[in-house]
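When a residue number appears, it is its place in the shown sequence, counting from 1. In listed order, ligands and their atoms are each counted from 1. Worth knowing before you read on, the calculation uses all heavy atoms, side chains too, and leaves out hydrogens, waters and symmetry mates. No experiment lies behind these values; they were computed from the predicted model shown.
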Amino acid sequence: MSTAHGDRFSGRSAIVTGGGSGIGAALTSALTAVGCDVWCADIDLEAAKRVVAGLPGPGRGIAARLDVTDSAAVQQLVTDVVSDAGTLDFMFNNAGIVIGGETQLLSLQQWNRIIDINLRGVVHGVHAAYPHMIAAGSGHIVNTASAAGLMASGLLTSYSTTKFAVAGLSNALRAEAARYGVRVTVVCPSAVETPILDSEGVGDFPGRRFYLDAEKTRRAYSPDRLATDILAAVARDAPWIVVPRRTHIGWLIGRIAPGFLHRRMTKYIQQQLGRPRTAS
Ligand code: NAD
């Protein structure tokens with residue numbers, strides 16, 4: 001991390017939701033390393049505590065229990081941070097889950113759960129943090145969407161639904177927030193090496209293999225590298241972060257030729273699942 005980036009974060013305050021694992025843990029670590037005080041907020045308090053326990057600073061790491069589906073709790077955490085730090089400079093709405101598999105197998109309960117965490121969780125973060133940032137005349141909201149929020153991903157249909165919404169929310173708000181001096185960035189990686197890749201799916205969902213084969217790679221992106229990318233992108237106020245490079249190129253191709261991406265995805269799902277079993 002260069003000094004220029006460090007200057008952008010040193011002495012500032014941040015909330016990272018889903019900070020107890022994966023990308024959120026890497027963000028917490030990268031931010032405290034450049035002198036930012038980070039409230040590492042996770043539904044799993046013990047995980048958040050483990051993350052902050054190992055941090056050398058110079059920024060403070062503060063573990064907090066937070067369920068992003070609880071709007072009052074999100075509001076309370078933002079209020080607490082503002083009263084402790086004087087301001088909230090960065091709101092990383094990062095907590096999320098995935099449920100892979102064929103859409104007809106998803107229960108409504110599963111649909112509601114992923115919408116509550118991945119979309120409403122981000123809405124709660126924006127709703128709580130944005131007015132403080134407007135009042136301060138500065139601040140940066142960083143929402144973790146996904147490459148599946150830019151390119152429709154079959155077998156991740158519920159996930160893609162929520163992540164398209166987060167990408168749309170982020171870009172729309174960015175345009176609106178600029179006049180208040182508030183910035184918005186959306187993070188859109190493809191597979192990153194975190195426990196989410198081993199999340200349970202429904203039916204015959206191939207799991208981790210699905211994510212890696214799609215990119216013709218055996219190794220997912222490193223969360224620490226992504227955290228470095230995110231801080232650099234935030235420092236230069238980039239609207240999007242789409243990584244790795246091949247995903248960025250795929251996205252650009254998809255914008256020019258959406259039919260190509262659609263055909264590729266359809267073929268890929270056939271390869272992964274085979275033809276549907278029909279009654280004989
Ligand atoms: P992860 O499973 O390692 O971490 C997610 C964290 O969110 C966990 O610590 C979990 O306890 C927490 N969490 C879950 N529900 C919560 C809730 N209701 N309130 C607060 N915290 C909650 O996964 P990750 O890969 O680090 O995911 C972080 C974000 O990155 C997610 O939004 C995910 O969709 C997105 N993302 C991940 C990948 C990937 O391949 N890993 C790719 C693109 C986008």
_Closer than 4.0 angstrom, basic N to acidic O: yes or no for D84 and R60?_
yes
*Which residue pairs pass the side-chain hydrogen bond (donor to acceptor under 3.5 Å, both in side chains) test when at least one of the two sits in residues 160-169, sequence neighbours left out?*
N118-T162
_ring pair (Phe, Tyr, Trp, His ring centres under 6.0 Å): pairs with one or both residues in residues 85-130, sequence neighbours excluded_ = F9-F90
*asked:* Taking side-chain hydrogen bond (donor to acceptor under 3.5 Å, both in side chains) as the cut-off, I'd like each qualifying pair that reaches into residues 131-142, sequence neighbours left out, listed once.
replied: H140-T185
_Y268 versus D213, side-chain donor and acceptor atoms under 3.5 Å_ = no
*asked:* Using a 4.0 Å cut-off on heavy atoms, what residues surround ligand 1? Order them by chain and number.
replied: G18, G20, S21, G22, I23, D42, I43, L66, D67, V68, N94, A95, G96, I117, T144, A145, S146, Y159, K163, P189, S190, A191, V192, T194, P195, I196, L197
*asked:* Please determine whether a side-chain nitrogen of the Lys or Arg among R219 and E193 lies less than 4.0 Å from a carboxylate oxygen of the Asp or Glu.
replied: no
